[in-house]
Amino acid sequence: MAVAQPKLEKEGDDCSLLPLVHDIIKCMDKDNQDVHQELAKLKVKIQEAREQISNMPGIDSSPSEQQHQLATLREQVHTKNQLLQKYKSLCMFDVPKAS
């Protein structure tokens, strides 16, 4: 059973905090008054990152629950692969050739 995962990151969306920190340091070096504006941008970026993390699938599960889910899924894949091999070996399907 496949679970559709929403795309959390938009195309071109940058999650790096380093450019904002660099801008803050530049403003502090120049004794610029834009430091507060740059700090506000950093605060917004950190809050967005927190929201993305809280919306991630499986974040509410403990590591042991995640390991159990992973083991279950691997077992399902193994079983399905075995079934596929079994059905492939049972009969040959005639595939029409494209003319």
- request: Please tell me if the side chains of Val77 and Arg74 come closer than 4.5 Å, counting only heavy atoms from C-beta onward.
  value: no
- prompt: Hey, what do you get for CG (Asp60) to CD (Glu65), rounding to the nearest 0.5 Å?
  reply: 8.0 Å
query: Between Thr72 and Gln69, does a side chain to side chain contact (heavy atoms under 4.5 Å, CB included) hold up when you go through it step by step?
result: CA-CA 5 Å; Thr72 303; Gln69 289 174 347; 5.6 Å; no
- request: Determine whether Leu17 and Val44 fall in the same hydrophobic cluster, where Ile, Leu, Val, Met, Phe, Trp and Tyr are linked whenever their side-chain heavy atoms lie under 4.5 Å apart.
  value: no
task: Consider only side-chain heavy atoms of I, L, V, M, F, W and Y, link residues closer than 4.5 Å, and tell whether Ile25 and Ile46 are in one cluster.
output: yes
query: From Asp23 CG over to Gln37 CD, what is the distance, rounded to the nearest 0.5 angstrom?
result: 10.0 Å
- prompt: What pairs with Lys41 under salt bridge (Lys or Arg N to Asp or Glu O under 4.0 Å), at least two apart in sequence or on another chain?
  reply: Glu38
query: Under the side chain to side chain contact (heavy atoms under 4.5 Å, CB included) test, which residues partner Ser64, sequence neighbours left out?
result: Ser62
- prompt: Does the pair Glu48 and Lys45 meet the rule for a side chain to side chain contact (heavy atoms under 4.5 Å, CB included), with working shown?
  reply: CA-CA 5 Å; Glu48 289 173 356; Lys45 194 71 159 177; 3.9 Å; yes
query: Just wondering, are more than 12 heavy atoms of other shown residues or ligands nearer than 6.0 Å to CD in Gln82?
result: yes
- request: Can you measure from CD (Gln85) to CG (Leu83) and round to the nearest 0.5 angstrom?
  value: 10.5 Å
hydrophobic_cluster_shared for Leu39 and Leu20, side chain cutoff 4.5 Å: yes
message: I want to check something: taking the side chain as every heavy atom from C-beta on, are Arg50 and Ile53 in contact at a cut-off of under 4.5 Å?
response: no
